[in-house]
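Worksheet for the structure shown next.
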Amino acid sequence: MRLAALPAVVGHSITPVAAAVVDRELGQPWGFRVTGWAVAALLAMALPGNVGAAEVPPAEKELTPASVGQLRLAFTFRTHHPGPATQAPLADGKTLFLLTPFPHTLYALDLATPDATVRWRYTPEADGTARGRSCCGEGQGGMSLEGGRLYVNTLDGRTLALDAANGAPAWEVRTADPSSGESLASAPLPAGGKLLLGNAGDRFGVRGWIAALDAGTGRRLWRLHSTGEDAEVGIGAGFRPLYPGDDRADRGVASWPPSAWQQGGGGVSGPILWDAGSGLVFHGTGHPAPLVPDQRQGDNRWTSGLFARELETGRARWFDPLNSHDLYGLGATASSLLLDRDWRGAPRRLLVHPDANGHVYVLDRGTGEILSAEPFVPVNATAGVDLATGALRRDESKAVRRGRMTRDICPASPGAVTGASAFLPETGLLYIPSRRLCMDMEARNANYIRGTGFTGANLRLRPADGEGQGALVGWDLEAGRPAWTVPERFPLSGGVLATGGLVVYGTLDGVLKALDARSGAVLWQFQAASGILSRPVAFRGPDGHAQLAVLAGSGDGPEAEIDRRDASAEDGMGNVLRDLPRSPDPGVTLYMFRLP
Amino acid sequence: MRVIPAALLLPLILAGCKREARETRLDPPVAEALGGVRVMANGISGQPPMVNAAQGEPYRNNAYQLAQGKRLYEWFNCQGCHADGGGASGPALMNGWWRYGPDAVSIFVTLRDGRPNGMPSFRDRLTTEQMWQLTGYLQNLGATVAATAAPSRNDAMQTRPAENRAPAMGALPVSPDR
Amino acid sequence: MTPAERDLRDAALEATEGAGALERRLERTWRTREGFWGALSTVDHKIIGRRYIVTAFAFLALGGVLAMLMRLQLARPESRFLSADLYNQIFTIHGANMMFLFAVPVAEAMAVYLVPLLVGTRNIAFPRLGAFSYWVYLFGGIMLWVAFILQTGPDVGWFAYVPLSGPQYASGKRADVWAQMITFTEISALAVAVEIVVTVLKQRAPGMSLDRIPIVVWAMLVMAFMIILAMPAVVTGSSVLIMDRLVGTHFFNPAEGGDVLLWQHLFWFFGHPEVYIIFLPSVGMLSTMLPSFVRRPIFGYLALVMSIMAIGVLAFGLWVHHMFTTGLPRLGESFFTASSMAIAVPAGTQIFCWIATIWLGRPVFRVPFLFILAFFFTFVLGGMTGVMVASVPLDTQLHDTYFVVAHFHYVLVGGAVFPLLGAIYYWFPKITGRMMSERIGRWVVGLLFLGFNFTFFPMHILGLQGMPRRIYAYPPELGWGGMNLFVSLCSIALAAGFLLFFVDAVRSARKGPPAGDNPWDASTLEWATTSPPPPYNFARIPVVTSAAPLWDERAALPVASGLSVNRRELLITTMGTATPEVRETSPQNSIWPFWAALATSVMLVWSIFSPWALVWASIPVAITLIGWFWPRGTPEDDA
Amino acid sequence: MSAFLLRCVLPLLLLAGCSGWQSALDPRADAAQELHGLFWLFTITCGIVWAVVMLVLAGALLRRPAAARPEEERGRAERRSGRVVGGAVAATVLVIAGLTLASFFATRGISADHPEALVVRLRGFQWWWEVTYDDPSPNWVFITANELHLPLGRPVRLELAAADVIHSFWVPNLAGKQDMIPGRDNVLAFTPTQAGTYRAQCAEFCGLQHAHMALQVVVETPEEFGRWRATQVAAAAAPESAEEVAGRAVLEGKACAACHTVRGTAAAGTLGPDLTHVGGRRNIAAGMLPTTRGAMAAWIADPQTIKPGNNMPMVPLSADELQAVSAYLVRLR
């Protein structure tokens with residue numbers, strides 16, 4: 001499995017097989033991309049480690065626009081795990097941790113050894129049911145590293161802590177119940193001795209929550225929901241309502257038809273942020289369930305908005321309903337950034353949130369006040385944000401009603417951005433991996449059966465007008481408009497890494513790109529053997545050289561069993577990904593690059 | 001001269017009766033007998049109940065039963081995971097490839113008991129008759145030859161060619177990793 | 001045959017060959033061959049028309065049986081005599097059968113038989129098309145009924161509204177059978193319509209200028225034009241429906257930009273003129289029969305002709321009154337209210353002219369005249385309820401209830417079937433050479449008149465009491481049981497009347513007293529020839545000098561001569577004044593129309609199951625058409 | 001007391017309504033009254049016209065004209081007849097124009113939309129009705145089925161939609177019918193003027209059980225309506241007896257929960273009628289059966305015999321389970 005360790009003769013013997021695989025699975029016509037795939041597949045399977053290490057002239061050890069051209073593939077690590085690799089690897093200088101898609105295996109690779117031997121591995125117990133709960137490249141659990149401990153969320157609802165040094169489990173608790181459709185989609189956040197995590201499962205009518213565990217023992221300290229009565233949501237004396245109406249009691253019940261909040265969604269499936277200075281945590285809540293709006297008349301608090309909560313008790317401080325009565329199943333769980341910088345002349349403590357609805361929100365994270373909201377992709381479902389009320393100005397012709405088809409809604413579910421954005425203070429630009437998609441949406445009756453989809457909508461996605469289905473947007477935060485955009489053929493699903501004047505990201509068709517952070521010019525690219533859904537990471541290796549790692553694996557191999565003749569496949573992505581060639585290498589592979 | 005049309009007509013009559021009859025009420029004993037599938041130990045394939053064959057496999061050939069199956073597909077949230085057959089978090093059903101076998105018993109057992117990778121059990125959600133209706137519909141959805149009795153498009157978003165127009169592709173190419 | 005022989009004219013014939021030679025020669029030229037193949041290949045309009053009439057009445061009887069089954073089911077509340085599924089098939093087939101397999105075809109049938117005789121020509125125009133039309137009609141009817149026996153009877157109503165008849169809610173092939181049955185009958189109707197138009201406009205006897213055309217011929221002409229204009233809408237509709245169902249197009253799918261109301265517009269754009277297509281021939285037949293029984297020419301010939309034309313035009317402007325409850329814009333609805341009511345004006349004009357005719361004449365109370373009186377009673381009543389349903393607001397209460405059932409049976413049975421039965425009694429001697437029984441006929445009129453009114457009048461009240469149409473059962477607590485039972489009992493009298501009519505017709509055809517050429521002392525041309533007419537209709541083409549030629553030229557009808565006797569020749573005249581223009585040949589017998597109809601039927605039935613039928617089955621259709629039109633060098637070809 | 005009233009007074013009401021609780025001739029709302037007046041205007045006018053025509057016809061038949069009349073006299077008779085026919089045609093035009101105007105004004109009178117109308121959304125299903133009461137505050141929006149309660153004297157605006165095929169909503173006592181068409185919005189507005197129970201029935205052929213698709217309309221005083229509405233918004237009553245507890249378990253555990261909602265339990269299916277307060281409705285199965293425990297059990301045990309082809313399957317239940325679930329359901333008032 002680790003090709004770096006294989007003798008070259010094996011590599012040669014594999015070559016024709018690999019070529020045959022490429023031949024058979026990619027179909028015609030043979031374009032540049034296919035050739036790229038083929039080369040990458042061969043590289044992945046056949047190349048020995050440390051490619052060309054000897055030939056590269058000595059150069060700087062930092063990853064910069066000047067040095068990026070010298071990046072060389074150090075080694076690849078094939079896991080053979082199929083599925084979408086959404087969790088970026090973690091590195092602590094000596095060790096690189098990687099979490100495979102569900103059913104998970106956790107690897108710790110020793111970066112000190114030239115061929116990165118596996119230091120330890122850990123395979124948590126897996127409940128296969130969870131496999132049917134994740135779709136279309138959504139997050140499948142995650143991990144974080146803090147104080148020598150590795151905290152892991154598994155897709156099937158376990159949270160566990162391991163010793164990062166040897167993989168010894170410290171504790172494991174059951175936090176979500178996959179039989180109801182519930183899962184854990186993102187990494188837990190260690191914060192002040194606590195571990196914060198939230199559930200996912202909006203499409204199954206799972207009621208969303210965020211919980212805090214004792215990082216030492218795994219004991220649950222508090223858990224608060226996204227719907228229901230104020231006590232269950234954590235709304236009390238400390239809550240400062242931003243807009244009229246939200247000061248009334250039990251909005252999490254009253255803004256729903258009777259009982260509907262019980263299957264109301266609003267999962268906390270995205271990343272959670274902690275501001276140690278103010279002791280606040282910030283998280284988005286997912287879209288309300290079901291997708292068909294007629295079955296959930298009202299504002300549907302507290303779904304599809306941004307919460308600020310106190311870390312200690314979880315009590316809500318403020319809530320910004322970004323997509324009140326979310327018509328299109330967008331949710332507000334896209335990742336945010338906490339920035340302390342000047343805003344329009346005055347220093348502010350900001351929270352910057354590129355939302356699924358296609359707008360970059362700039363908030364004062366102390367009060368929740370929206371300072372600015374500007375669109376970064378083509379948007380036609382709304383005409384901007386009313387800063388006084390925080391509400392979107394909706395276009396009535398794009399309203400969704402049961403039994404009707406609404407055509408050409410931009411942006412499309414699950415939103416204009418799903419991966420993590422990045423910010424570079426030196427450029428003042430926010431780098432947003434965007435999806436330029438529109439959709440036709442047909443709302444139909446949603447029937448609640450526990451553990452089955454509770455959506456009530458048929459989606460058929462299609463590219464927005466203009467070039468490409470995705471784009472990397474270099475967003476000028478101050479000006480509130482793009483400085484530049486780099487169009488991509490396929491929607492961007494993974495996160496962006498911004499480091500040292502570079503922006504690095506991977507695409508669904510498996511290209512890892514490094515751009516100049518100022519101009520957006522492509523400086524370097526690499527064709528991987530599978531699509532990339534995760535964020536690349538950069539770190540300094542044990543030898544002091546900059547290293548770049550990315551986990552490829554789009555879950556798009558034959559085992560995905562997706563038939564894209566059906567436009568509604570993969571929540572409507574089937575319609576736009578028809579041209580996406582299937583990965584020749586269905587397994588998750590780590591690509592490690594380094595500067596010589 | 002007269003015999004030939006009669007001889008031609010007879011199978012037509014039989015086929016017509018079988019394909020177009022509308023049995024709205026299944027006798028409880030028959031329903032119970034239909035539940036008596038004998039399945040292999042690994043949960044794949046097995047022997048269908050005799051009564052199904054005795055009735056002429058109505059759930060596979062009868063247009064009304066197939067239409068019922070199609071309705072149940074939408075009503076009981078199959079779309080939530082399998083989309084309109086193209087698959088999402090659940091596998092595709094229209095590509096001709098079946099994880100647990102393409103025969104009626106395998107599909108019936110999948111519906112009744114669920115499968116380990118997230119397929120829930122519909123034992124207490126559907127009646128035996130409904131599970132057979134769904135089974136028949138799914139067999140048509142993934143059949144490599146479209147049947148005349150197969151349903152046509154719905155009055156809904158066009159997502160794929162209708163069941164009576166588009167046979168499955170045949171089994172997908174199997175990757176060398178398998 | 002030498003050119004001279006070929007062009008042997010009738011004028012000189014009797015001088016050279018003696019008496020009877022003309023008839024012998026014509027008989028040889030125009031006759032239908034004996035035997036099975038001869039029967040299949042005939043193009044004689046009288047034989048085809050007769051078949052058409054008999055077939056249509058056979059379908060009437062079958063549809064009547066279905067009606068009686070429905071009345072049996074509805075006699076008691078919550079009856080379980082028929083299942084819902086079967087009842088739905090039965091009322092659908094009753095409606096479709098009566099409209100498409102009886103009412104329209106029988107009107108065409110009468111036209112095919114009578115029009116050439118009435119205008120004094122030897123055969124209908126395009127007689128092979130006529131043969132083709134009959135076979136297509138027959139096969140279409142058989143398909144519907146065989147499908148019914150195979151449990152594949154359409155169950156979506158004769159109007160087949162989408163989405164109930166669409167791909168999602170009408171599983172199987174039932175709705176496709178309905179749609180293709182429409183295609184069958186529309187093909188045959190269009191074929192006949194073309195023949196009638198050409199026959200009436202170009203083959204009239206010399207001197208039969210426009211103002212001398214019998215009113216029944218005018219009515220048939222207007223009917224034919226209406227068929228040509230209205231039927232394409234429903235053929236489009238039914239073909240598009242099949243495409244939606246079979247190929248998965250989206251014409252009626254609102255989710256993909258289609259519209260379910262599009263179907264209703266297409267259907268009723270045909271469906272309402274359809275009512276007048278059925279009604280106008282009866283108006284015509286009535287106007288032509290009436291003078292024979294009041295012993296004077298019709299009063300207000302011009303007004304009658306004009307009102308027939310007015311109805312023909314207005315009929316296309318009121319289809320929306322079937323859709324008053326669909327929530328169309330108010331302004332449009334008001335327009336269609338006005339137009340629907342406006343049609344009462346020409347209809348009223350006709351009634352007044354007929355009454356004036358009777359007033360001025362001396363009535364002779366024979367059976368056809370009794371049918372005319374039954375017509376007056378019922379049709380005028382149906383017309384009154386028609387005014388009621390034409391009102392948008394009132395229609396919201398009446399639409400789709402038994403009130404409407406009562407209304408259209410009054411109009412269609414009272415307005416079309418009663419005159420039609422009268423016409424059968426009237427022209428039966430011409431068709432068969434024998435009279436029908438006057439005594440039984442009076443019983444028939446009595447039973448039908450009383451049975452009909454007692455059966456259908458209470459339905460008005462049932463409708464007002466809230467009974468919707470097309471229900472297979474009704475709960476006992478609504479109090480509709482008593483009246484429904486009464487209706488069901490009275491329907492037995494109605495059925496008995498029809499049964500007696502069939503008995504009389506069958507009996508009289510064999511044993512009725514010989515009729516003679518003109519038993520009613522009528523005035524129109526068909527009575528100028530023998531009963532039944534010879535294959536060539538008229539030994540010499542009559543020349544018309546007035547609107548009532550047989551009354552005004554009692555001594556001897558002037559005739560034209562000069563047509564060939566050795567080949568089938570017709571006299572073509574001008575459209576306006578009927579001045580002779582040319583001699584035109586008429587086709588010989590041919591088996592190819594039969595094969596073409598068979599191939600067409602195979603294509604249409606097959607296309608229920610696969611769209612590829614249109615590709616593969618078009619090959620035999622093409623072959624049969626080539627056979628049909630293959631030049632054989634006969635005189636008929638080189639004309 | 002109220003139970004006594006229900007048990008004793010209700011059947012009387014039903015009996016009283018028998019004469020015309022689904023009749024266009026017994027108008028109980030402004031719209032139906034307008035139509036009722038129009039109906040009699042048309043009927044009387046048309047009746048007179050018909051009678052006159054028949055009388056003239058009879059006269060023509062019974063008349064014995066002189067066998068032979070001089071030519072000129074015959075000519076004069078012809079001309080006179082011509083004038084009479086012309087006059088009759090002119091009279092027809094006038095009558096028709098009058099009736100057209102009358103129906104035009106009637107339409108205008110009915111279609112008035114009221115800003116303070118009670119908004120109720122109705123959706124037609126094969127073969128039952130879903131009724132949604134709209135409200136500005138979403139947690140007062142509730143769904144019920146096959147029974148429509150309306151406050152007396154308050155304008156009501158029914159928003160009609162279809163879930164599958166075309167249906168037509170028709171309460172003859174209250175208003176004319178209006179179709180429910182997939183992909184279209186239709187509205188019916190009227191003001192009930194008399195309390196009572198009326199029956200509505202689907203008037204557009206909608207498939208197998210078109211005959212059994214009825215809806216009860218209960219027009220009651222605003223106070224009664226307010227009380228009813230408050231009951232409907234609440235979740236289902238908790239089961240009391242052991243049998244009822246068992247009944248709820250059956251409902252939640254068996255196939256019932258996949259299609260039906262009983263708010264306050266785990267059953268949240270939306271395919272069939274909402275059963276949260278099914279015991280308080282007068283009928284079950286879209287007007288087919290009274291809501292009694294026996295009828296409920298019969299319906300659950302064999303829905304396909306009672307209403308063949310409807311979408312409720314025959315769920316195999318033991319006798320005890322059947323008893324328990326029917327006991328539980330009829331208690332959900």
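In this text the structure is predicted, and so the values were computed from the model without any measurement. All chains are named by letter (A, B, ...) in the order of the sequence lines, taking the proteins before the strands, and each is independently numbered beginning at 1.
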Under 4.5 Å from a heavy atom of chain A, the part of [X] involved:
X: P120(B); value: side chain
X: F122(B); value: side chain
X: E74(B); value: side chain

Between [options], which residue shows the highest count of heavy-atom pairs closer than 4.5 Å to chain B?
options: S568(A), A446(A), A569(A), A567(A); value: S568(A)
options: G128(A), G451(A), G574(A), G403(A); value: G128(A)
options: E570(A), R460(A), M441(A); value: R460(A)

Report yes or no: do T455(A) and R203(A) form a side-chain donor-acceptor pair below 3.5 Å? no

Does the pair R158(A)/D156(A) count as a salt bridge with the N-to-O cut at 4.0 Å? yes

Is it true that R153(B) and D155(B) make a salt bridge, defined as a side-chain N closer than 4.0 Å to a carboxylate O? yes

Which of F108(B), Y73(B), W75(B) passes ring-ring contact (aromatic ring centres under 6.0 Å, His included) with Y137(B)? It is Y73(B)

Select, from C78(B), A156(B), C81(B), the one with the greatest count of heavy-atom pairs under 4.5 Å involving chain A. A156(B)

Which residue out of P161(B), G80(B), G86(B) racks up the most heavy-atom pairs below 4.5 Å with chain A? G86(B)

Using the rule given for salt bridge (charged side-chain N to carboxylate O under 4.0 Å, His left out), can you reason through R112(B) versus D124(B), listing the C-alpha separation, both sets of side-chain angles and the distance that settles it, and then say yes or no? CA-CA 8 Å; R112(B) 189 186 63 183; D124(B) 287 327; over 6 Å; no

Taking atom CD as the centre, does Q55(B) end up with more than 12 heavy-atom neighbours from other residues, nucleotides or ligands that are less than 6.0 angstrom away? yes

Does E129(B) reach the side chain of Y59(B), with side-chain heavy atoms less than 4.5 Å apart? yes

Which region of R450(A), side chain (C-beta onward) or backbone (N, CA, C, O), has a non-hydrogen atom less than 4.5 Å from a non-hydrogen atom of chain B, or is it both or neither? neither

